[in-house]
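Read through the structure below, which is laid out as structure tokens, and then see the notes.
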Number of protein chains: 2
Amino acid sequence: MIALPDTVLTVRACVPEDRARLSHILLNSDVFGQHDADTVDEMFVQAMAKPGPDQYRFTVACGEDGEAVGFACYGWESMTQGTWDLFWVCALASARGRGVGRALLADAVATASAEGGRLMVIYTSSTPAYDGARRLYRSQGFEKTAVIGDYYAEGDDLNIFARRLRA
Amino acid sequence: MIALPDTVLTVRACVPEDRARLSHILLNSDVFGQHDADTVDEMFVQAMAKPGPDQYRFTVACGEDGEAVGFACYGWESMTQGTWDLFWVCALASARGRGVGRALLADAVATASAEGGRLMVIYTSSTPAYDGARRLYRSQGFEKTAVIGDYYAEGDDLNIFARRLRA
């Protein structure tokens, strides 16, 4: 794989018109499948229908041509005081190596911090398909905090990453 | 507190008419508050509107007079192969010591096992208010598997309990 030079990426909040593009990104990420796309689509519809402080936040990272090449979904966990979950961060396989995940994650951390967040938590799989994701989380200051063995399936653990946020 | 003798409890799936009773139980549990009641109410409305295999399951434990004295909410985590979450188990404070939690939890474990569940997971708080809940989980074969420090608030950790299910 040839590493592309970093290009300027812009992260913005989603609008309803991004819906189809999110599914496209997921299904062309080499990581996620149709079931994930259905799950994200349901969350997206809910978020667009009823925005609010405890609703899912969707953001996209766009290249210089304005086209979205990755998205994130995160939000305040309303049963907590200041804990935010990062639910999804996903980039087009064709956009790998351009810092898409980094830009989305840094933006999510900044938003959560600005809104008084104390802690951000990420739930992910222990399988090799998520090696890149785990490297990304570590590069952004997240540490593996807890493990639930065989959570997703036999041999596929839940890894919980967390990092402190600063106001 | 005087321990009441165990009485016959019946656990059954909820019907839409149980909605108000669930809020009543939560608000008279000495554990949960209005925000929790709102959260459960939203989950209940969703579950009744669109029942399905990956929907929340609500059950109530009823005394001999047929009145519900506790409820549980659990379900299959659709991103997993056979992992179930217990979201809520709650009894009226006035019904404490009658085995309400035990009956609800045993029923949830039996249902999940019958539907091919491999693992059941419970997320709970580390604070003294949940001492009874954690004792209940341990008595039903759940073990504390993971901790996320300061998850709910500073000094209030997330404790994750898990147990294997058998078909």
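Proteins come first, then strands; the chains are lettered A, B, ... in the order of their sequence lines, and each starts at number 1. For clarity, every value in this text was computed on a predicted model and none was experimentally measured.
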### Query
Which atom names give the shortest non-hydrogen contact between B:Ala146 and A:Val147, and what distance separates them?
CB-O, 3.8 Å
Give the cluster check for [X] versus [Y]: same hydrophobic cluster or not, with ILVMFWY residues linked at side-chain heavy-atom distances below 4.5 Å.
X: A:Leu86; Y: A:Leu119; result: no
X: A:Val100; Y: A:Phe142; result: yes
X: B:Phe71; Y: B:Leu27; result: no
X: B:Leu158; Y: B:Met120; result: no
X: A:Val40; Y: A:Met48; result: yes

### Task
Assess whether side-chain contact (heavy atoms from CB on, under 4.5 Å) is satisfied between B:Ile160 and A:Ile160, documenting all intermediate values.
CA-CA 11 Å; B:Ile160 305 176; A:Ile160 305 177; 3.6 Å; yes
So which N and O atoms of chain A and chain B form donor-acceptor pairs under 3.5 Å?
unit_1, atom_1, unit_2, atom_2, d
A:His35, NE2, B:Ser78, O, 3.2
A:Ser78, O, B:His35, NE2, 3.2
A:Gln81, N, B:Tyr152, O, 2.6
A:Thr83, OG1, B:Tyr151, O, 2.6
A:Arg118, NH1, B:Asp150, O, 3.0
A:Arg118, NH1, B:Glu154, OE2, 3.0
A:Arg118, NH2, B:Asp150, O, 2.8
A:Arg118, NH2, B:Tyr151, O, 3.4
A:Asp150, O, B:Arg118, NH1, 3.1
A:Asp150, O, B:Arg118, NH2, 2.8
A:Asp150, OD2, B:Arg164, NH2, 2.3
A:Tyr151, O, B:Thr83, OG1, 2.6
A:Tyr151, O, B:Arg118, NH2, 3.4
A:Tyr152, O, B:Gln81, N, 2.6
A:Glu154, OE2, B:Arg118, NH1, 3.1
A:Glu154, OE2, B:Arg164, NH1, 2.7
A:Arg164, NH1, B:Glu154, OE2, 2.7
A:Arg164, NH2, B:Asp150, OD2, 2.3

### For A:Phe58, all residues meeting ring pair (Phe, Tyr, Trp, His ring centres under 6.0 Å), sequence neighbours excluded
A:Phe44
